[in-house]
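One structure is given here, and the rest of the page talks about it.
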Amino acid sequence: MSDKVKADSVERPVNFIRNIINDDLANHKHQSITTRFPPEPNGYLHIGHAKSICLNFGLALDYQGKCNLRFDDTNPAKENLEYVESIKRDVAWLGFEWEGEPRYSSNYFDQFYAYAVELINKGLAYVCFLNAEETREYRGSLTEPGKDSPYRDTSPAENLALFEKMRAGGFKEGECVLRAKIDMASSFMCMRDPTLYRVRFEHHHQTGDKWCIYPMYDFAHCISDAIEGITHSLCTLEFQDNRRLYDWVLDNLDDFNKPDRPHQYEFSRLNLEYTVMSKRKLHQLVDDKLVEGWDDPRMPTISGMRRRGYTPAAMRDFAERIGISKVDSMTGMNILEAAVRDDLNVVAPRTMGVIDPVRVIIENYADSAPETIQAPMHPQNEAMGKREIFFGRELYIDRADFAEVAPDNKFQRLALDKEVRLRNAYIIKALRADKDADGNITTIYCTYDPETLGKNPADGRKVKGVIHFVEATKAVSAEFRIYDRLFTVPNPGKADDFESVLNPDSLVVKHGFVEPGLADAPVEVAYQFEREGYFCRDNKADSLVFNRTVALRETWNS
RNA sequence: AGGGCUGUGGCCAAGUGGUAAGGCAUCUGGUUUUGAUCCAGUGUACCGUAGGUUCGAAUCCUGCCAGCCCUGCCA
C-alpha cells in the first residue's frame, strides 16, 4: 500500500472554501473543522471522486481537523459490499486515512427514525398515500405551483401510528411514503413536500432485514453530518437547491438547530476531456463489455488509473493543480498528463524497451558473448545507482528509428550510411538492410565504432541522434499495451450515443523486448522506457505485460 | 419559461474598489548519449456584454446574452 499523506507546511492554492473556513475559524464559529467523504457504494470511485477526496481529506490535514469516510448507504437496491471494499481500498491507496472506523448512514437508522418522529410530532411531516404518478402531478411544474396532498393535514397522532405501521411492514412498497410538510408552491422543487422515507423490502448489506423503510438522501445526509459533527459539508454543484432542504431539516430538529451545526458548500465536479465521469455511463461501459472492467487502464476510475500506472502522488498533485471553484469546466488532459510526468520523471528508473522490434546485426562485432555495460538508473539522480545492460552482435531497435533514406534533415535516427548513437552504448552506422516480399525491413546491417563507449568520437565528428536498443540474446520478450483516449471527442458525455464515439484504437497491443532486468518487474511500479514513455507492469496479467501510463512529451513537429 | 448557480488569455485558476498571480499548453533560445528532463525567455487578457455609480471597477448597481442544475418513492 502507498505512503500516507502527512500534514506539511506547504502552502496550498487558495479557493473559496478555504476562505470560508478561514472566516469561520477567525470568527470562532468553529474551533476546528471536520469534513467527510460520503460516497454511495454503488460503483467504483473515479478521478472526480479523487478530487473530492483530496479536497476533504486535504482540508482536514491542513487545518489539523478530521475527515470521516462515510458510506451513504440509504438505497440498498443499488448498493453492495464489493463497492464498499473497493472504495476503502481506493481512498487508502490515494494515501488518506479516515478518522476512526468507516461510518455508514445506516449506522444512524434508529436516529433517523426518531428524528422523523420529532418532525411528525411538530406537524412537519405526514404519511402520504398518493402513488408515484399522483405525487408527480401534485408537485406542479417549474413554472406552476403544486397542490397540497389530501393527506397533508392528517393529525400527528394518526401520522405517528401510520409511520409506525410503515416501519412494521404494514404497507406495501409504493403504497405510502413519509413526506415533509414544507411548501407546495416553493420555487425550489425539492421543497414541495419532499419524500423523507419510502418502503423497500430490500436486504441491506449493513442492517440486513431489520428495516423495510429507508430514508431519502436529503433527510439522511444532513442528519448524518450533524451527528458526526461535520462543520463543512462539501458536495457538488447539483446539490445547490438541496441546500434549502438540508437547512430546513436541521433547523427543525431541536438537537441540531444551533449556530455550529454543519453547513453545505458546493463546488464544481470534475469533467475531463475525452472521457466520461457519470456512474451510469461507467456502469454501461463495464456492463456492455466495452472495457475489461472497472479497473481497465483506460477507465477514469481510480483502480483503472492505478493499473495504468498513475501514482497517488500524481493524482493528488493533479487535484491541487486544477483547484476548486464553482465554474462548470472541462479540464484538459494536458494537466493530468503533466502531473503524472512530473512525478514519474523523478521517481521512475530508466530502462530500454523495444516496442516494435527490428533486428540489427553489428558486422564488425566479434561473434562472441555480449559485453556488459553499466548504465545509470537515472541520468539526473546518481543515487539511484546503475543497472547492467548488454551489447553484442545482434540487437533490436525500434522500427520507427530506421529509414533507408532520412525523410528530411531533421531526422535524428538511423538511416543508411548514417551514424546514430545507441543509448548508453556505441555509435553505429547502417550499411544495408534486408527486406521481405512486402518491402518491410527485416534486418539492418551495421558497423559500430568501438572507441565511442561513454565518449564522443576522437576525430570530433558530431553524431546527434540517439536511439534505444536491446541486445538480442539477453532480451526478454514482453507485451506492451499502448493506451490512447477512450473517446474520439472531447465531450463524449454530450454525444447522443456515447458508445458510438468510442476510440477504436484506445488500446493497441504490441510485442517486443525489454532489458533482462525487467523479467521480474514488480507490478504497478513505474519505469521509463527511454524515448517511449512511462510504463508499469500490469497487475493482472500472468505474463510480462507493460501498460503505457503516458508517453514522453514530444516537442518536435513536422 | 419559475428558481438556483456560473461567465478572468487555448485549458484550469487567483483576485472581493486602486489600476490583471500562478499552473498546464504554446513559441523562442541554452544544456543534454532520452527530439525527455533542466534552465532562460515568450501572451496587446476590450476580466460574457451594454449602460450606470466613483477620482478610480474584473471587483458595486441595472439591463441583456450564454452555459449548467432543479418537476426520482436516486444520490
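The chains referred to below are lettered A, B, ... by the order of the sequence lines, with proteins before strands, and numbering in each begins at 1. Being a predicted model, the structure only gives us computed values, none of them experimental.
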Check your understanding: Do A:E266 and A:Q264 have side-chain N/O donor and acceptor atoms under 3.5 Å apart?
Key -> yes
Practice item. For the residue pair A:Y138 and A:D148, confirm or rule out a side-chain donor-acceptor distance under 3.5 Å. Key: no
Practice item. Check every strand shown and say whether A:D218 touches a base, only sugar-phosphate, or nothing at a heavy-atom separation below 4.0 Å. Key: nothing
Check your understanding: Looking only at side-chain N and O atoms, does A:R200 come under 4.0 Å of OP1 or OP2 in B:rG72?
Key -> no
Exercise for review: Using a 90° cut-off around 0 for syn, call B:rG17 syn or anti.
Suggested key: anti
Check your understanding: Has A:R269 got more than 12 heavy atoms of other residues, nucleotides or ligands less than 6.0 Å from its CZ?
Key -> no
Review point. For residues A:Y83 and A:E40, is any side-chain donor paired with an opposing acceptor at under 3.5 Å?
Key: no
Practice item. Name the residue closer to the 5' end of RNA chain B, choosing between A:R136 and A:G454 according to the nucleotide with the nearest heavy atom. Key: A:G454
Review point. Is the shortest side-chain N/O distance from A:R413 to OP1 or OP2 of B:rU34 below 4.0 Å?
Key: no
Check your understanding: NA contact type, A:L130, heavy-atom cut-off 4.0 Å: base, sugar-phosphate, or nothing?
Key -> base
Exercise for review: Return no unless some side-chain N or O of A:R139 is found under 4.0 Å from OP1 or OP2 of B:rG72.
Suggested key: yes
Review point. Between A:F171 and A:K165, is there a cation-pi geometry (under 6.0 Å to ring centre, at most 45° from the normal)?
Key: yes
Exercise for review: Give a yes or no on whether a donor-acceptor pair under 3.5 Å exists between the nucleobase atoms of B:rU34, that is its base, and the side chain of A:R350.
Suggested key: yes
Check your understanding: Rounding to a whole Å, what distance do you find between A:F535:CZ and B:rA36:P?
Key -> 17 Å
Exercise for review: Can you tell me the distance, in whole Å, between the OH atom of A:Y214 and the C1' atom of B:rA75?
Suggested key: 16 Å
Check your understanding: For A:N424, which contact category applies under a 4.0 Å heavy-atom criterion: base, sugar-phosphate, or nothing?
Key -> base
Exercise for review: Starting at atom CG of A:N345, determine the distance to atom P of B:rC24, rounded to an integer number of angstrom.
Suggested key: 13 Å
Practice item. May I ask you to evaluate whether A:R553 reaches the phosphate of B:rG35, defined as a side-chain N or O under 4.0 Å from OP1 or OP2? Key: no
Check your understanding: When you compare B:rU31 with B:rC47, how far apart are their P atoms, in angstrom units rounded to a whole number?
Key -> 42 Å
Review point. Roughly, in whole Å, what's the span from CG in A:N15 to P in B:rA14?
Key: 7 Å
**Study point:** A:R18/A:D62 ion pair, N-O < 4.0 Å
**Key:** yes
Practice item. Using a heavy-atom cut-off of under 4.0 Å over every strand shown, decide if A:K455 touches base, sugar-phosphate, or nothing. Key: base
Exercise for review: Give A:A425 one of three labels, base, sugar-phosphate or nothing, depending on what nucleic acid heavy atoms sit under 4.0 Å from its own.
Suggested key: base
Review point. Is it true that the NZ or CZ of A:K326 lies under 6.0 Å from the centre of A:F267's six-membered ring and within 45 degrees of the ring axis?
Key: no
Practice item. Provide the distance between the two P atoms, one in B:rG22 and one in B:rC65, to the nearest whole Å. Key: 36 Å
Review point. When all nucleic acid strands are considered with a 4.0 Å heavy-atom cut-off, which category describes A:S186: base, sugar-phosphate, or nothing?
Key: nothing
Practice item. Take atom C1' in B:rU53 and the same atom in B:rU59, then report the distance between them in whole Å. Key: 14 Å
Review point. When the distance from CZ of A:R387 to P of B:rU34 is rounded to whole Å, what number comes out?
Key: 13 Å
Study note, to complete from the structure: A:L245 CG to B:rU71 P, in whole Å, measures 13 Å
Review point. Which part of the nucleic acid, if any, lies within contact of A:P145, taking any heavy atom under 4.0 Å across all strands shown: a base, the sugar-phosphate backbone alone, or nothing?
Key: nothing
Check your understanding: Of the nucleotides B:rA25, B:rG15, B:rU34, which has the atom closest to the A:A338 side chain?
Key -> B:rA25
Study note, to complete from the structure: Protein-proximity profile, nucleotides 2-12 of chain B, B/S/- by nucleotide at the 4.0 Å heavy-atom cutoff, equals BBSSS---BBS
Review point. When the distance from NZ of A:K78 to P of B:rG72 is rounded to whole Å, what number comes out?
Key: 13 Å
Check your understanding: Base, sugar-phosphate, or nothing: which does A:L453 touch, judged by heavy atoms less than 4.0 Å apart?
Key -> base
Check your understanding: With distance as the sole criterion, is a donor-acceptor pair present between the side chains of A:Y448 and A:E419 under 3.5 Å?
Key -> no
Review point. Stems in RNA chain B: runs of 3 or more consecutive Watson-Crick or G-U pairs, distances under 3.5 Å?
Key: B:2-7 with B:65-70, B:10-12 with B:22-24, B:27-30 with B:38-41, B:48-52 with B:60-64
Review point. Do A:E228 and A:N68 have side-chain N/O donor and acceptor atoms under 3.5 Å apart?
Key: yes
Check your understanding: Would you say the side chain of A:E532 and the base of B:rA36 hold a donor-acceptor pair, judged only by whether the two atoms sit under 3.5 Å apart?
Key -> no
Check your understanding: When the P atoms of B:rG23 and B:rG67 are considered, how many whole Å apart are they?
Key -> 33 Å
Exercise for review: Send over the distance from A:E337 CD to B:rA36 P, rounded to a whole Å.
Suggested key: 16 Å
Check your understanding: A:Y534 ring centre to A:R341 NZ or CZ under 6.0 Å, with the angle to the axis within 45°?
Key -> no
Check your understanding: Within less than 4.0 Å of OP1 or OP2 of B:rC69, is there a side-chain N or O belonging to A:N242?
Key -> no
Exercise for review: Give a yes or no on this: more than 12 heavy atoms of other residues, nucleotides or ligands lie within 6.0 Å of atom NZ of A:K281.
Suggested key: yes
Review point. What integer number of Å spans the C1' atoms of B:rA21 and B:rC60?
Key: 23 Å
Check your understanding: Within the structure shown, what part of the strands sits under 4.0 Å from A:S141 by heavy-atom distance: base, sugar-phosphate, or nothing?
Key -> base
Review point. Does A:D72 or A:Y534 map to a spot on RNA chain B nearer the 5' end, using the closest nucleotide for each?
Key: A:Y534
Point to revise | Check: B:rG35 base within 3.5 Å donor-acceptor of A:Q412 side chain | key: yes
Point to revise | Whole-angstrom distance between B:rG63 and B:rG2, as gauged at atom P | key: 14 Å
Exercise for review: Looking at every strand, decide which applies to A:F239 at a 4.0 Å heavy-atom threshold: base, sugar-phosphate, or nothing.
Suggested key: base
Review point. Hey, does A:I427 reach any base, or is it just sugar-phosphate, or nothing, if we go heavy atoms under 4.0 Å?
Key: nothing
**Study point:** Closest approach of A:S268 to A:V327 (non-hydrogen atoms, all atoms of both residues)
**Key:** OG-O, 2.9 Å
Practice item. Remember a base hit wins even if backbone is also touched, and classify A:M333 as base, sugar-phosphate or nothing at under 4.0 Å, heavy atoms. Key: nothing
Exercise for review: Answer yes or no: does atom NZ of A:K386 have more than 12 heavy-atom neighbours from other residues, nucleotides or ligands under 6.0 Å?
Suggested key: yes
